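The block underneath contains the structure these notes are about, expressed in C-alpha cells.
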Amino acid sequence: MEEVKLLGAWPSPYCYRVIWALRLKCVKYEYVEEDLSNKSDLLLQYNPVHKKIPVLVHRGKPIAETNVILEYIEEVWPHNPLLPDHPYDKALARFWTKFEEDKSPTFFAFFHGVGEEQEEATKEAKKLLKIIEEHGLGEKKFFGGNKIGLTDLAFGWLSGWLEVMEEAVGVKLLEANSFPHLKAWTKTFKEVPVIKENLPDPDEMLPYFKSLREKFIASATS
Amino acid sequence: MAEENKVKLLGFWNSPYVRRVELALKLKGIPYEYVEEDLKNKSSLLLKYNPVYKKVPVLVHNGKPLAESHVILEYIDETWKNGPPLLPQDPYKRAQIRFWASFVHQQLFETMPLVFKSDGEAQEKALKEVFEKLSVLEEGIKNIFPGGIQIIEHENVGLLDIVMISVFGPYKVYEEVLGLKLIDPEKTPLLFSWLTALLEIPVVKDSLPPHEKLVGFLKFIRQDALNSTSA
C-alpha cells in the first residue's frame, strides 16, 4: 500500500495542482479517481466536512482543501521547494495564490454565465487578468521567479484548461496582444516536463466542457 | 524605533481582518505604528501599498507592504521567531489549523452578514446555516482540543484562536443585536468554553472593538439593510 494516496476527479485543476506538486517532488502516490455523482465511502470518511476532492491521505491521515494540502506537501517533502525561502517572497507567493482563489468565482461566471451575465463576467475577468499580468507576473519567467512554484500551479488552469473553456464558450479571454507576458507564461508552464506529462487531454476536455456549457445554457434559458 | 525593524499597520477599527493582525503583533510583542484608514476616503499610502485590493489590513515591514490577513499572519509567524509560535511544528497539526481557520473564515464569517441584514424567513434560513456550521466546527475541533478547554495561556494562543476571536470574539454583541443565543453552552459547549477561555486573556479581550460602539454600528447596518429591502 502506498504511503500517499490522492483522491481526485478528472479534469479538476485542483487535483492537478496536487499531482504536479507530488511529481515535482518525486513523491510516489496512489491515485484514486472519484465519481463525484456517486461519492465513495472513502471520500465521505476522509473529507466529511466538505465532501470534495482533492484529498491527500498520508500514513492514513487525510488532508483536505487544495492550498492546505500544498502547504503540507511543501513542509513534509521540502526538497525541490515550491515556495521561496525568504518570508517576504513566500508571503507574496501566498498572496497571489489567495488572489486566484478569491477571484475564481469571476472566471467560473465566465464559463457558467449566459447573455449579459457572461458579458459582465468577461469584462471583469479581463480586468483580473490585467492585474495578474502587471502585478503578479510582471516580466518574470514564472510567478515564483526563475523556477516553477506554488503560485504557478495555482494559475496552471490558465495554461491547460482556459483555451478549451474559451472554445466551449465561444469567447476569447487570454489574448496574446492584451496579455503578452501571461500568454508567454502559459507556454513556459506547459513546457516544464512534469507539467507536460501531466495535463488532461484537450481533445477529451472539449466535449466535457461543451456538454457542461450546454447544461448551463439550458438551465439559464428554461 | 530603529529603521531596520519598523512595522506599520494600516487598519480600520471595525475590521475583523485588521483585528487578527493586531492581535498577532501584540501576542508576539512586536512594536508597531498603527494608522487608522478612512475607508470612504482611502489614503494614497493605502492605494500605493495595496494596489490590487485597496483594502486593510496592510502590514508594512521595513518599507515592504503585505496584504491579506492570512498571508500576514503566516509572515509574522515566520519572521518573528522569538515570540510564541502561531502554528504548531508538526505539519499535520499545521494542516489541521489551516483547514479550520479557512473553515471559520469562509464558511462562518462570510455567512454572518446575511444574518444581520435580513429578517423573517431569510434570516431563519441564514441562521440555520450558521448553526449547522457551528456544529460542524464543534465536532471538528475536538481533535485539536482532545482534553477539552479550561484555561488558555497567552503563549498558546495561535492562528486558529486568532481567526476565531476575530469573527466570534464579539459574540455577545451579536447576541444583543439579534436578540438570540449564538454560542450556546448547551449546543456547542466546546466553542463556548474555547471563546470564554480566550476572552479571559487580557490582550485578547482588549483586541475586541468597544461593546457599545459595535452594538450601535451593527444596529445601524441592520436597520439600513432592512429599510432598503422593504423600500
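All values reported here derive from a predicted model rather than from experimental measurement. Naming: A, B, ... by sequence-line order, numbering from 1 per chain.
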Worksheet item: Below 4.5 Å, heavy atoms only, C-beta onward: do B:V71 and A:L92 meet side chain to side chain?
Response: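 Answer no - side chains too far apart.
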Worksheet entry | Engaged part of A:A93 at the chain B interface, taking heavy atoms whose separation is under 4.5 Å |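 Answer is neither: A:A93 stays 4.5 Å or more from chain B.
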Discussion item. With a sphere of 6.0 Å drawn around CG of A:D41, does it hold more than 12 non-hydrogen atoms of other residues, nucleotides or ligands?
Written reply: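 Not more than 12 within 6.0 Å, no.
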Discussion item. Looking at chain B, which one of A:I131, A:I63, A:V76, A:V49 has the largest number of heavy-atom pairs inside 4.5 Å, strictly under?
Written reply: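 Most heavy-atom pairs under 4.5 Å with chain B: A:V49.
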Worksheet item: Looking at B:A67, B:G140, B:P65, B:P51, which has the largest count of heavy-atom pairs under 4.5 Å with chain A?
Response: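 Option with the top pair count is B:P65.
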Fill in: Listed partners of A:F155 passing ring-ring contact (aromatic ring centres under 6.0 Å, His included), at least two apart
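Result, ring-ring contact (aromatic ring centres under 6.0 Å, His included) vs A:F155: A:F143.
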Are there donor-acceptor pairs under 3.5 Å across chain A and chain B? List atom names and distances.
from   : atom 1 : to     : atom 2 : distance (Å)
A:P62  : O      : B:Y92  : OH     : 3.0
A:E75  : OE1    : B:R94  : NE     : 3.0
A:E75  : OE2    : B:R94  : NE     : 3.1
A:E75  : OE2    : B:R94  : NH2    : 3.3
A:E75  : OE2    : B:R98  : NH1    : 3.1
A:E75  : OE2    : B:R98  : NH2    : 3.1
A:Y88  : OH     : B:P65  : O      : 2.7
A:R94  : NH1    : B:E78  : OE2    : 3.1
A:R94  : NH2    : B:E78  : OE2    : 3.3
A:K98  : NZ     : B:E68  : OE1    : 3.4
A:E101 : OE2    : B:Q106 : NE2    : 2.7
A:D102 : OD2    : B:Y53  : OH     : 3.0

Discussion item. Going by the rule side-chain contact (heavy atoms from CB on, under 4.5 Å), which residues pair with A:K190 if we only count those two or more places apart in sequence or in a different chain?
Written reply: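 A:S159, A:E163, A:L199.
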Item to complete: Dump the intermediate steps for side-chain contact (heavy atoms from CB on, under 4.5 Å) on B:V52 and A:F99, then the final yes or no.
Response: CA-CA 9 Å; B:V52 173; A:F99 182 86; 3.4 Å; yes
Discussion item. Under the rule for side chain to side chain donor-acceptor pair (under 3.5 Å), what residues qualify as partners of A:S219, not counting sequence neighbours?
Written reply: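 In terms of side chain to side chain donor-acceptor pair (under 3.5 Å), with neighbours along the sequence ignored, A:S219 is linked to no residue.
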